[in-house]
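Just so it is clear, the model here is predicted, and its values are computed rather than measured.
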Amino acid sequence: MKGNGKIKKSGDIKKAPLNSIRKEMQRTHLILIVVITILLSVGGAFININANTQAMDQNLLNTADLISRLYCFTKNLPQDEFRKYFNSVCKELPDVDVISIVNPQNFRLYHTNNYLIGTIYDGTNPNLESGEKDLHIVDETGPSGPQRRTYSAIYDDEGNYAGFIMTIILKTSIHSAMIKTVLLFVVVTIAAILIEIAISRTISHRLKQKLLGYEPETFSSMFTIRDNILESIHDGVLSVDADNKVQYVNAVAKKILSVDGNEKLAAINEAVFAEKFLGRILKKGESIFGVREKTDSGTELLIDCIPVQKGGRIDGAVAIIHDRTEYTKLMEDLAGTKYLVDSMRANNHDFTNKLHVILGLIQIGAYDKAVSYIENISIIQRETLSQVIRLVDNPSFAALLIGKIARASECNVKFILKEGLHFSSADIQIPSEALVTIVGNLIDNALDAMNRKQSLDSVGDSSSRELIFGAFTKPGELLITVKDRGCGIPEELRDKIFENGFSTKGTGRGVGLYHTKELVESLGGKISFESQTGLGTCFVVNFKQS
């Protein structure tokens, strides 16, 4: 009996330290996680609030600059139209609480609160008339209470001081945004701590299992988690064993393989798929990525096939099935964003160059020439904008052309709109994103071709650097032409020009024309080109819809 008692006591002594260590690890883990989470949340909240404050200030400055520009174009409107116009502008600027335009005599020409229009402004008068600082931001107190305020000087056509513009964000709005940010971080912190506590307990439980042995429920839990993960992803997953028998197919894969609840059809489709794509993986043991396939229903797929190995032996294989439509859409979105950024960069560069010219003229005292230069720029820009907007009724398409015209100017290329150019969205149903991608790619290629020709020529002939663009619609038809006077496409390369990855510009290129052709053909169109070495190339895109 004493011996039994000693054995039992010895067992108790062994278990106690294990539990004590596990609990100590759990406590230490929890303390570290909670402290780190709180520190990260406090730091994140501080950074976020500071960033929001800077963003509000920048928004005030941008709004002031925008209103100054709009005022220059609308200052001669009748008072009622002037008021209605800026009321509509204010509605589009929800992040700014008050906008006020004041003339040199302190009369309010406009105020967000319309009843103050025509009244005398009796607040702080900024020192803008001297021209030392045309735009600055300060903290002030007005009729609506403490506020963050931006003053921006405005000038008449002769460059004389003509008053100022105030853009205001109330401190109550700023404090409200800060409170929301802090509350968000508090909620996230609490949620993170709760999640971390739950995770800590789970880890502790797993540790206990590893020390004292697994239970059958553990394996069931592991399979449940695996199934939940595989069923929640957006790609299809199909796995087979070493004999190429299907072991698992998730819901997305079943949908892609057009099972439709028919078990017999499901077994046939899955077996055929496994034999076609995974059979060779089991034999060779090598992964294959990016296999393209088209289903009977017309869905285009990208398939990755990966062997499952254990101890150097192939135990099975897994196929991951991607719907290529989603990837194509993502590529279109990225391409559209790229062209927008390029257009903005070109406009910014062009604008900076013009500012340098104006600054130089002012510094040498050629004020009349500076005024004349500014007037000529304004006329040219107005004519370009007016022409494109008049001929192209699709805003995205028009914006792309305006940006590319600026880009061509930056590259010292004359961008010519072909006579008779006309685009009407009512004539043809082409998505704006696709139109922007197709035209943007072709224009970029044309500019690249002329840049390459200039770099190859010992003497550049700027008179021959022309890009001629045309777009013509009539009911059910669209014709797009992009002609350049670049180096042309050599005869031996013309059959490869639309191949994926083929490029004469170096590695990592050769996607643009391939993607353009794919996109054109997916919309039922045709793309072709004519080229003469040393003279240039003309691409033609044609759409016909019944």
Side-chain angles (χ1 to χ4, degrees), residues 335 338-339 342-343 346 349-350 384 387-388 391-392 397-398 400-423 435-473 477-506 509-521 525-543:
K338 172 182 175 294
Y339 297 132
D342 286 346
S343 298
H349 194 175
D350 190 49
T384 301
Q387 186 180 17
V388 172
L391 298 175
V392 178
F397 190 16
L400 173 75
L401 290 179
I402 292 169
K404 292 304 179 184
I405 290 171
R407 171 64 176 157
S409 175
E410 182 186 1
C411 297
N412 196 27
V413 173
K414 185 177 181 182
F415 195 110
I416 300 174
L417 297 177
K418 204 167 184 180
E419 185 177 352
L421 185 144
H422 169 74
F423 182 88
L435 193 62
V436 165
T437 300
I438 294 166
V439 174
N441 266 333
L442 295 179
I443 292 177
D444 282 348
N445 277 343
L447 291 174
D448 286 344
M450 284 184 282
N451 287 336
R452 289 201 306 277
K453 181 179 181 182
Q454 186 181 39
S455 65
L456 293 173
D457 291 346
S458 58
V459 179
D461 182 7
S462 60
S463 64
S464 67
R465 291 171 60 77
E466 293 180 348
L467 189 156
I468 304 171
F469 176 80
F472 312 92
T473 63
E477 293 188 28
L478 167 61
L479 176 67
I480 298 171
T481 62
V482 180
K483 183 178 180 180
D484 66 71
R485 295 191 176 180
C487 51
I489 303 171
E491 185 73 31
E492 64 273 13
L493 301 181
R494 294 178 187 176
D495 292 338
K496 303 178 181 180
I497 201 70
F498 290 116
E499 290 182 7
N500 187 16
F502 175 78
S503 174
T504 59
K505 306 172 191 176
R509 308 292 294 271
V511 180
L513 282 176
Y514 166 76
H515 180 52
T516 300
K517 183 174 186 292
E518 290 260 304
L519 188 55
V520 169
E521 292 180 349
K526 296 180 180 179
I527 182 170
S528 60
F529 69 92
E530 294 182 359
S531 184
Q532 287 184 294
T533 305
L535 296 178
T537 304
C538 180
F539 279 89
V540 179
V541 178
N542 193 7
F543 290 98

Pairwise side-chain contact, [X] with [Y], heavy-atom cut-off 4.5 Å (strictly under):
| X | Y | value |
| --- | --- | --- |
| F469 | L401 | yes |
| L467 | I443 | yes |
| V413 | E466 | no |
| V541 | T516 | no |

**Asked** side-chain contact (heavy atoms from CB on, under 4.5 Å) between C411 and N451: does it pass, once the steps are laid out?
**Response** CA-CA 8 Å; C411 297; N451 287 336; 4.1 Å; yes
Return the minimal non-hydrogen interatomic distance between [X] and [Y], and the atom names on each side.
| X | Y | answer |
| --- | --- | --- |
| T537 | S531 | OG1-OG, 2.9 Å |
| F472 | K418 | CZ-CD, 3.9 Å |
| F543 | V520 | CE2-O, 3.7 Å |
| A446 | V482 | CB-CG1, 4.0 Å |

**Request:** Begin with the C-alpha distance, continue with both residues' side-chain angles, and end with the deciding distance and a verdict on side-chain contact (heavy atoms from CB on, under 4.5 Å) for L400 and V439.
**Result:** CA-CA 8 Å; L400 173 75; V439 174; 3.9 Å; yes
Measure the [atom1]-[atom2] distance between [X] and [Y] for me, rounded to the nearest 0.5 Å.
| X | Y | atom1 | atom2 | result |
| --- | --- | --- | --- | --- |
| E491 | Q532 | CD | CD | 11.0 Å |
| F423 | L391 | CZ | CG | 12.5 Å |
| K517 | N441 | NZ | CG | 14.5 Å |
| L417 | I468 | CG | CD1 | 10.5 Å |
| L435 | L478 | CG | CG | 6.5 Å |
| L447 | R407 | CG | CZ | 6.5 Å |

**Prompt:** Do side-chain atoms of R494 reach the backbone of I489 as a donor and acceptor pair under 3.5 angstrom?
**Reply:** yes
**Asked** Between R465 (side chain) and K414 (backbone), is there a donor-acceptor pair under 3.5 Å?
**Response** no
**Request:** State which residues pass salt bridge (charged side-chain N to carboxylate O under 4.0 Å, His left out) with E518; sequence neighbours excluded, sorted by chain then number.
**Result:** R292, R324
**Item:** Those residues that, when tested against K483, pass salt bridge (charged side-chain N to carboxylate O under 4.0 Å, His left out) (two or more places apart)
**Value:** none
**Asked** Is any side-chain N of the basic residue among D444 and K404 closer than 4.0 Å to the acidic one's carboxylate O?
**Response** yes
**side-chain contact (heavy atoms from CB on, under 4.5 Å) assessment of L513 paired with N445** = CA-CA 8 Å; L513 282 176; N445 277 343; 3.1 Å; yes
**Message:** Under the criterion side-chain contact (heavy atoms from CB on, under 4.5 Å), I'd like the reasoning laid out for F539 against D484: C-alpha separation, chi angles, the key distance, then a yes or no.
**Reply:** CA-CA 9 Å; F539 279 89; D484 66 71; 5.5 Å; no
**Asked** CD of E530: more than 12 outside heavy atoms within 6.0 angstrom?
**Response** no
**Request:** Assess whether atom CD of E419 is packed by more than 12 heavy atoms of other residues, nucleotides or ligands within 6.0 Å.
**Result:** no
